[in-house]
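Just so it is clear, the structure is predicted and the values come from calculations on it, not from any experiment.
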There are 2 protein chains.
Amino acid sequence: MATIEDVAKLTGLSRTTISRVINNHPYVSEEKRKLVLEAMEKLGYVPNSSARSLRNQKTSILALFIPRITNPFFSELVEATEIAAAEHGYQLIICQTRYSPEKELNYMNLLKTKQVDGVILASIQNEWKQLKPFLQYGPIVLCNEFDDCANVPTVRLDQVYGGYIATKHLLEQGHTKIAYCSGGYRSNVAKSREIGFKKALAEYKLTFDERYAFRDAFHIADGKRVFRQMMALSNRPTAVFTGSDEVAAGIISEALACGYRIPKDLAVVGFDNQAITELTNPTITTVHQPVKQMAQKAVDIIVEKIQTKKYDTQEIYEFPLQLVVRASTVGSELHQSEA
Amino acid sequence: MATIEDVAKLTGLSRTTISRVINNHPYVSEEKRKLVLEAMEKLGYVPNSSARSLRNQKTSILALFIPRITNPFFSELVEATEIAAAEHGYQLIICQTRYSPEKELNYMNLLKTKQVDGVILASIQNEWKQLKPFLQYGPIVLCNEFDDCANVPTVRLDQVYGGYIATKHLLEQGHTKIAYCSGGYRSNVAKSREIGFKKALAEYKLTFDERYAFRDAFHIADGKRVFRQMMALSNRPTAVFTGSDEVAAGIISEALACGYRIPKDLAVVGFDNQAITELTNPTITTVHQPVKQMAQKAVDIIVEKIQTKKYDTQEIYEFPLQLVVRASTVGSELHQSEA
DNA sequence: CTGTTAGCGCGTTCAT
DNA sequence: ATGAACGCGCTAACAG
């Protein structure tokens with residue numbers, strides 16, 4: 001392992017000059033610069049990251065918190081975040097909280113121990129007051145998930161609007177008995193969608209029926225379960241809003257297996273616009289989320305915060321959502337509403 | 001930011017003693033140990049990772065190389081690897097090569113600059129001779145992808161057998177014109193499956209028809225394209241082997257859209273046993289890969305190599321694959337072969 | 001333009 | 001059982 005000292009010796013220069021060449025400092029003669037570069041090449045020298053991190057108080061690593069990566073929404077978020085981070089010269093450490101507040105808090109120590117320069121929270125498992133103290137060690141940026149109490153930059157999507165347009169679409173198809181699915185009680189994303197859902201209902205003079213609410217639907221299997229629960233109700237819904245395409249796909253799958261027809265017997269709208277929405281039969285009406293833009297913005301922001309060292313600024317960046325109409329809500333026998 | 005020095009001052013002890021407490025060394029009186037622990041608590045002290053990394057020549061970070069994380073197979077691999085790494089006290093940096101040899105080589109510098117303690121390659125974009133020189137900086141373990149020239153630990157699956165059982169299953173259904181899809185020419189995983197594919201054909205006295213081979217199928221869209229290409233052939237295949245469930249799903253989707261029936265007009269077998277295999281209609285016959293075990297083993301191995309510092313040992317750990325028969329290959333009108 | 005020097009925060013001989 | 005002192009590899013004053 002060649003060190004900067006080895007390069008200095010070989011060239012007969014000082015460590016400082018070598019360091020200047022490494023960091024592209026001015027005031028190094030072209031002659032010596034070439035000499036150094038050659039020596040580095042010859043020795044296979046590369047600066048040691050740990051030493052640089054210690055000296056510069058900077059690791060060039062970001063941590064991204066997600067519940068689980070096998071959720072396609074988060075896969076896409078990780079993909080985009082990793083690419084954006086790389087563009088800024090940052091590496092990305094993945095932290096899967098698996099919906100556990102303890103694991104989340106534990107991973108937060110990465111910031112405290114200075115193993116990462118900043119944390120991007122794409123999901124939140126603790127109360128903000130639990131997380132807030134970590135702000136003294138480095139920047140935290142919320143991306144996707146949010147918390148009104150959090151005095152940090154937040155990049156998010158207009159989930160109220162998302163819940164609204166999806167529900168309104170169902171209402172426009174003539175449905176009045178619409179069930180509601182979401183993933184988790186704790187998530188503000190889910191809560192916002194529910195607000196949008198209710199808002200749409202209210203516009204049609206309908207009230208929210210708690211018997212139609214299923215707030216613990218995350219996976220495909222949950223969708224299948226929810227379908228059976230819905231069909232067991234005395235006054236069955238004719239449409240269902242879900243918080244993810246996975247759940248929607250599960251509902252559709254179970255419905256078909258039970259001999260029901262989609263959307264004739266049950267209209268289904270998903271969320272996320274994942275690849276499966278075009279593979280199931282029928283294809284799934286859903287809400288598209290601009291994940292790439294959101295991730296890019298979150299990285300841009302955190303990189304800026306790392307530089308300015310001002311962490312407790314509440315800035316909100318919101319991106320719009322878009323309804324994508326497919327076959328799970330509009331059959332040929334029904335009137336259509338949107339292109 | 002409290003340092004070890006601050007704790008020393010507060011307790012009136014030396015830095016050495018504090019360090020001993022941090023690292024659970026013996027020869028520290030219970031009395032002082034408690035004193036130190038209290039002081040650490042009071043100051044909110046936590047050891048600085050960069051300093052420890054520099055001093056110990058160890059970062060406790062692993063790098064995992066994958067082409068792209070949105071491929072569900074790799075999502076699952078990342079999930080399992082992150083969990084296994086955490087169990088060993090390691091963090092995981094994600095490196096998406098996006099099938100680019102340059103990006104792969106670039107990420108390899110993480111090992112050279114000592115930013116990570118080891119590299120797990122789940123895909124390979126370069127010739128082994130390009131990668132080999134990095135072995136002098138730290139351990140490289142192959143996981144999933146492999147290379148016969150590579151003198152490093154390799155954790156892999158029996159892909160020849162995987163190609164064999166999937167193809168044999170199709171042959172047992174009476175098919176004789178079987179197309180072949182794979183992802184990439186470079187991958188030894190794909191090459192192995194092709195060997196198994198041909199082996200099964202040979203047992204049935206059939207020869208491989210190059211016109212039936214499509215070696216550039218990765219995504220859903222590729223599946224759709226391949227279906228159209230197959231149907232444009234003069235002597236159409238009646239079955240198709242694919243290297244991923246995504247491609248299989250794409251083929252099925254396009255086939256149905258074109259009015260064909262699965263498996264009656266075309267039997268399709270996928271690979272990976274992803275969630276979508278149970279969502280499409282018909283469900284997809286596929287090959288299950290024990291990703292979790294593979295990831296766990298790879299992490300165990302690399303952690304061991306980091307400790308022993310012996311990197312160039314060619315050890316091979318192979319896990320078996322399993323055929324999962326679903327509806328895309330066996331219809332009610334066909335004779336069935338396996339439970 | 002270049003070199004000398006002093007740490008960044010920690011762990012670890014080697015004494016005592 | 002405890003401490004003094006050195007150095008991991010690098011960068012940033014400060015001199016010159």
Over how many whole Å does the gap from A:Glu31 atom CD to C:dT2 atom C1' extend? 12 Å
Kindly write out the residues that satisfy salt bridge (Lys or Arg N to Asp or Glu O under 4.0 Å) with A:Lys132, not counting sequence neighbours, or none if the list is empty. none
Does anything in residues 53-62 of chain B come within less than 4.0 Å of DNA chain D? Heavy atoms only, and list the residues if so. B:Leu54, B:Arg55, B:Gln57
Could you check which residues of residues 33-48 of chain A get a heavy atom under 4.0 Å from DNA chain C? Sort them by number, please. none
Show me, pair by pair, the donor-acceptor contacts under 3.5 angstrom made by side chains of residues 24-45 of chain B, not counting sequence neighbours?
unit_1: B:Ser29; atom_1: OG; unit_2: B:Lys32; atom_2: N; d: 3.3
unit_1: B:Arg33; atom_1: NH2; unit_2: B:His25; atom_2: O; d: 3.4

Residues that A:Thr59 engages under side-chain hydrogen bond (donor to acceptor under 3.5 Å, both in side chains), provided they are two or more places apart: A:Asp117
Any chance NZ of A:Lys103 has more than 12 other-residue heavy atoms, nucleotides or ligands included, within less than 6.0 Å? no
Does B:Lys32 or B:Ala51 map to a spot on DNA chain D nearer the 5' end, using the closest nucleotide for each? B:Lys32
Which one of A:Glu318, A:Gln289, A:Glu145 satisfies the side chain to side chain donor-acceptor pair (under 3.5 Å) criterion with A:Gln159? A:Gln289
Positions of residues 9-19 of chain B (non-hydrogen atom under 4.0 Å from DNA chain C), listed by number: B:Arg15, B:Thr16, B:Ser19
Angle of first-five versus last-five pair axes in the helix from C:dC1-D:dG16 to C:dT16-D:dA1, to 10 degrees: 40°
Show each protein N/O and nucleotides 14-16 of chain C N/O combination with a separation under 3.5 Å, one pair to a line.
none

Please table the atom pairs, donor to acceptor, closer than 3.5 Å between any side-chain atom in residues 66-73 of chain B and protein atoms at least two apart or in another chain.
unit_1: B:Arg68; atom_1: NH2; unit_2: B:His219; atom_2: ND1; d: 3.2
unit_1: B:Thr70; atom_1: OG1; unit_2: A:Glu79; atom_2: OE2; d: 3.2
unit_1: B:Asn71; atom_1: OD1; unit_2: B:Phe73; atom_2: N; d: 2.8

I want to verify a distance call: between C:dC10, D:dA1, D:dT11, whose nearest atom is closest to the B:Thr3 side chain? C:dC10
Could you give all pairs that pass the ring-ring contact (aromatic ring centres under 6.0 Å, His included) test and reach residues 132-157 of chain A, with sequence neighbours left out? none
Can A:Val152 and A:Lys305 be said to form a side chain to side chain contact (heavy atoms under 4.5 Å, CB included), step by step? CA-CA 10 Å; A:Val152 294; A:Lys305 295 302 164 193; over 6 Å; no
What do you reckon, is NZ of B:Lys9 surrounded by more than 12 foreign heavy atoms closer than 6.0 Å? no
Among all residues two or more places apart in sequence or in another chain, which pass the ring pair (Phe, Tyr, Trp, His ring centres under 6.0 Å) test with B:Tyr99? B:Phe218
Do other residues, nucleotides or ligands put more than 12 heavy atoms under 6.0 Å from B:Glu127 CD? no
By salt bridge (Lys or Arg N to Asp or Glu O under 4.0 Å), A:Glu304 pairs with (sequence neighbours left out) none
